[in-house]
Amino acid sequence: MSDGDGSVSLLVVADPDVATAVTEGVRGRETRFEVETVRTAAAAGERLRDAGSGVGFDCVVSSVGGEGTDALEFLAAVRSREPKLPFLVVADETCELTATEALDAGVTDYVRVRGAGDYEELAVRVERAVAATDRRPVDSSLVYERVFEQMLEGACLYDREGRFLLASAYLADFYGMTPAELEGERSLLVETVREERSGDPYQRLLDEEVDSLEGETELVTPDGESRTLSYRFAPFQVAGEIVGVIAVSRDITDRRERERKLKRAREEYQELIDRMNDTVWVIDIDSHILAVNETAVELLGYSRDELLSMTVHDIDAGLSDDEASALISQMPSDGTQVFETVHRAKDGREIPVEISSSLVSYHGETAVLSVARDTTKRKRYEAELREQNRLLETQRDELAVLNQVVRHDVRNDLQLVTAYAELLGERVDDDEAMEYVDIVRKRANHAVELTKTARDMAEMMRSRGVENEPVSLRPVLEAELASLREMAPEASVTVETEVPAVAVLADDMLGSVFRNLLTNAVQHTDRDEPTIEVSVSESEGGDHVVVRVADDGRGIPDERKETVFAKDEKGLDSRGTGLGLYLVRSLVEKYGGDVWVEDNDPRGAVFAVELRVADAGQADSDRSSPTRS
């Protein structure tokens with residue numbers, strides 16, 4: 001090292017290309033470097049031995065070739081003579097020697113280079129290494145400069161006029177300039193602070209009226225972008241005199257934007273929580289109430305401050321203190337706990353609630369978030385529903401008794417009337433008397449049919465909610481046709497097409513549908529010998545069948561076709577109850593089918609019933625489900 005001239009004597013052990021790159025890298029530094037290069041470790045050893053007699057070196061830089069053995073062996077030789085001499089290894093991308101291996105061997109620093117900029121970094125490392133050994137005095141201004149270069153903040157030194165004397169690369173980049181270009185420029189931050197604050201705060205800092213100056217401000221950069229900066233100014237003294245101001249600033253634009261978004265989100269979240277119809281509570285593990293929503297305040301009648309000074313035990317009237325505390329302590333870490341209790345309002349009202357609770361993090365602490373739903377209306381509805389179900393069960397029991405009376409007592413008496421009318425008819429010779437006997441017989445038979453309809457209505461009401469099942473169509477329809485022929489021997493009943501062997505979705509009351517349609521065709525005719533024609537057709541897709549019952553009676557006017565199936569709707573000049581067709585529609589709709597009326601040609605009506613065909617699996621499971629006859 002040259003005596004007193006502040007230069008650094010550097011010995012470079014490398015091939016010519018690397019030696020040239022190192023020399024170029026240190027050339028632009030303020031520190032003056034005297035570089036000597038050799039190609040081999042042996043030559044470097046001789047040069048160091050020669051230097052021992054008078055001219056020494058401040059630092060050695062050795063490149064690594066091959067496996068790096070030369071550099072590490074040379075390091076060992078240097079350390080044996082000069083234990084404190086800085087020794088830096090420079091390695092390119094092909095080098096297999098790692099930084100860990102080099103540093104473990106005693107290398108002062110390890111620099112991997114990929115381009116010219118890395119050699120400039122090597123120069124900085126050499127300066128630091130030499131300064132650390134105290135082998136030569138270091139200019140304090142150089143140290144400050146290096147510190148500013150390394151800071152990842154907007155660090156700078158202002159003169160008394162607010163102009164840049166020194167600036168970090170980070171701050172210069174903020175202005176879109178280099179540190180050198182920024183020197184001597186007036187600070188936008190200083191000018192902005194002076195404009196925003198009264199009394200020239202920068203001058204007060206220089207006059208030692210304040211120790212520091214800090215805050216936040218909006219700064220428009222030279223490219224027109226608005227940024228938010230936090231800053232701190234402090235006086236800079238040299239030999240007891242304030243010569244300028246040290247400033248550190250940070251660009252907090254993104255952080256403030258995140259904070260604003262978070263604040264808006266919290267406000268929106270709080271507004272959402274406050275608008276909830278349910279009460280919301282945040283409770284710590286010791287049962288203290290930490291937060292509530294507006295609904296809780298309004299529903300219980302306490303102020304927010306009052307609630308926040310209470311525990312859950314103060315408002316819970318449905319659980320003991322031990323039970324409430326146990327629920328909190330046993331909260332699942334990754335699930336929800338649901339239970340019912342009662343909250344007591346300030347005026348003494350007791351409000352049944354259903355609570356859903358889960359663990360959350362609140363201000364960094366584990367807490368319980370509970371949403372309590374007022375179940376007063378639901379409890380009232382459940383009580384009303386229980387009472388309705390009780391009344392319904394009672395009505396069903398009474399309906400069963402009535403059905404028993406109609407089915408057995410009344411029906412048996414009517415059948416006796418029919419039987420005695422038949423016997424009486426065999427003993428009466430007078431035509432007029434015989435006409436009266438025939439009327440008695442017909443009306444008795446009609447009354448028997450009414451008992452069947454009444455029974456079917458009762459059964460339909462009792463079976464509501466029961467699932468449909470596959471029912472074979474052919475045996476049900478044929479049974480009802482046979483029953484009609486027996487009841488009305490004067491009627492001509494024919495089946496135009498063969499009834500397909502399909503199963504439809506229905507229940508054991510399917511026969512009642514056909515019985516009512518067939519008896520309706522006979523009873524509401526103006527013919528002494530009515531004609532009834534039955535046909536069955538399948539849809540093209542095979543998913544529906546339509547059963548048609550055609551008569552040659554008076555027909556159904558168009559204006560009554562939509563209402564003929566209504567409850568209490570009677571046919572023209574009918575003395576019946578009108579329940580038969582209503583029962584037909586109710587049952588068919590329950591089966592998911594349809595029923596309607598068409599005109600017959602040349603006269604009469606056609607009642608059509610469309611039923612869904614059960615799929616193959618359903619049909620095979622029960623091809624012969626029984627029906628009520």
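Below, all heavy atoms of this structure are taken into account, side chains as well, without hydrogens, waters or symmetry copies.
- For R160 (side chain) and V245 (main-chain N/O), no donor-acceptor pair under 3.5 Å exists by modelled atom type.
- With hydrogens and angles disregarded, no donor-acceptor distance shorter than 3.5 Å links the side chain of T279 to the backbone of T295.
- Closest approach of E36 and F57 over heavy atoms only: OE1-CZ, 3.5 Å.
- For the pair L48/V78, a side-chain contact is recorded, criterion being any heavy-atom separation below 4.5 Å from C-beta on.
- Here the OH atom belonging to Y231 is positioned 10.5 Å from the OG atom belonging to S212, to the nearest 0.5 angstrom.
- Salt bridge annotation for R163-E183: absent, with no cationic side-chain nitrogen under 4.0 angstrom from a carboxylate oxygen.
- Minimum heavy-atom separation, D316 to H343: CA-CD2, 4.4 Å.
- Counting heavy atoms from C-beta on, the side chains of F164 and R186 never come closer than 4.5 Å.
- For the residue pair D374/T376, the side-chain donor-acceptor check at 3.5 Å is satisfied.
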Q | From CA spacing to verdict: side chain to side chain contact (heavy atoms under 4.5 Å, CB included), L189, F233 | A | CA-CA 11 Å; L189 178 58; F233 296 166; 3.9 Å; yes

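- Side-chain contact of S9 with D58: a donor-acceptor pair under 3.5 Å is absent, judged by distance alone.
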Q: Walk me through it: do F236 and Y158 pass the test side chain to side chain contact (heavy atoms under 4.5 Å, CB included)?
A: CA-CA 9 Å; F236 179 64; Y158 299 132; over 6 Å; no

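- In D347, the CG atom is crowded: over 12 heavy atoms of neighbouring residues, nucleotides or ligands sit closer than 6.0 Å.
- Inspection of the R112 and Y110 side chains reveals an N or O donor paired with an N or O acceptor under 3.5 Å.
- The SG atom of C59 sits 9.0 Å away from atom CG of L11, with the distance rounded to the nearest 0.5 Å.
- Look at K379 and E340 and you find a salt bridge, because one of the NZ, NE, NH1 or NH2 atoms lies within 4.0 Å of a carboxylate O, short of that distance.
- Salt-bridge formation is not detected for the pair E384/R380: no Lys NZ or Arg NE/NH1/NH2 atom is positioned less than 4.0 Å from an Asp or Glu carboxylate oxygen.
- Panel note: side chain R79, backbone G106; a donor-acceptor pair is recorded below 3.5 Å.
- V297 is listed as a side-chain neighbour of V292, based on a closest heavy-atom distance under 4.5 Å.
- Looking only at atom types and distance, the side chain of S320 has no donor-acceptor partner in the side chain of D322 under 3.5 Å away.
- Between V60 and L85, the closest side-chain pair of non-hydrogen atoms falls below 4.5 Å.
- No side-chain heavy atom of S230 sits less than 4.5 Å from a side-chain heavy atom of E214.
- A salt bridge links R344 with E350: the distance from a Lys NZ or Arg NE/NH1/NH2 to an Asp or Glu carboxylate oxygen falls below 4.0 Å.
- Remark: the backbone N or O of R378 is not paired with any side-chain donor or acceptor of T375 at under 3.5 angstrom.
- Residue I285 qualifies as open at atom CD1: its count of foreign heavy atoms under 6.0 Å is 12 or below.
- Salt-bridge check for D118 with R114: failed, with every basic side-chain N at 4.0 Å or more from each acidic carboxylate O.
- Of all non-hydrogen atoms in L205 and I242, the two that sit nearest each other are O-CD1, 4.2 Å.
- In this structure a side-chain-to-backbone donor-acceptor pair under 3.5 Å is present from N293 to A296.
- Between F87 and F74, the ring center distance clears the sub-6.0 Å criterion.
- Of all heavy-atom pairs spanning S80 and A77, the tightest one is OG-O, 2.5 Å.
- Distance check, rounded to the nearest 0.5 Å: CG of L319 to OG1 of T341 gives 3.5 Å.
- A distance of 8.5 Å separates CG in L166 from OG in S168, rounded to the nearest 0.5 Å.
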Return a table of donor-acceptor pairs under 3.5 angstrom between the side chains of residues 356-365 and protein atoms on other chains or two or more places apart.
unit_1	atom_1	unit_2	atom_2	d
S357	OG	S370	OG	2.6

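- For R194 and E191, the salt-bridge test fails: no basic side-chain N is under 4.0 Å from an acidic carboxylate O.
- Under a 4.0 Å N-O distance rule, the pair E306/R304 does not qualify as a salt bridge.
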Q: Just do the salt bridge (Lys or Arg N to Asp or Glu O under 4.0 Å) check on K261 and E259 with the steps written out, would you?
A: CA-CA 5 Å; K261 289 181 178 179; E259 290 173 352; over 6 Å; no

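- A salt bridge links E387 with R390: the distance from a Lys NZ or Arg NE/NH1/NH2 to an Asp or Glu carboxylate oxygen falls below 4.0 Å.
- Rounding to the nearest 0.5 angstrom, the gap separating the CD atom in E195 from the OG1 atom in T192 is 5.5 Å.
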Q: Apply the test side chain to side chain contact (heavy atoms under 4.5 Å, CB included) to residues V13 and V61: give CA-CA distance (whole Å), side-chain angles for both, the deciding distance (0.1 Å), then the verdict.
A: CA-CA 6 Å; V13 187; V61 174; over 6 Å; no

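- Formation of a donor-acceptor pair under 3.5 Å by the T108 side chain with backbone atoms of L88 is not found in this model.
- Of all heavy-atom pairs between S287 and I328, the closest is OG-CD1, 3.4 Å.
- Using a 4.5 Å heavy-atom cutoff, the side chains of Y119 and T23 are not in contact.
- Counting all heavy atoms, side chain and backbone alike, D284 lies closest to H288 at OD1-N, 2.8 Å.
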Q. Run the side chain to side chain contact (heavy atoms under 4.5 Å, CB included) check on W281 and I315 step by step: do they pass?
A. CA-CA 12 Å; W281 311 78; I315 62 170; 3.4 Å; yes

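- For the pair I351/L300, a side-chain contact is recorded, criterion being any heavy-atom separation below 4.5 Å from C-beta on.
- A salt bridge links R227 to E225: at least one charged side-chain nitrogen sits closer than 4.0 Å to a carboxylate oxygen.
- Using a cut-off of 4.0 Å between Lys/Arg side-chain N and Asp/Glu carboxylate O, E127 and R29 are scored as salt-bridged.
- Between atom CD of residue E181 and atom OH of residue Y175 there is a gap of 14.0 Å, rounded to the nearest 0.5 Å.
- In this structure, L229 and I252 have side chains that are not in contact, with every pair of non-hydrogen atoms separated by 4.5 Å or more.
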Q.
Assess the residue pair Q203 and D207 against the criterion (side-chain hydrogen bond (donor to acceptor under 3.5 Å, both in side chains)); give the C-alpha distance rounded to whole Å, side-chain angles, the decisive distance to 0.1 Å, and a yes or no.
A. CA-CA 6 Å; Q203 188 60 46; D207 295 341; 2.9 Å; yes

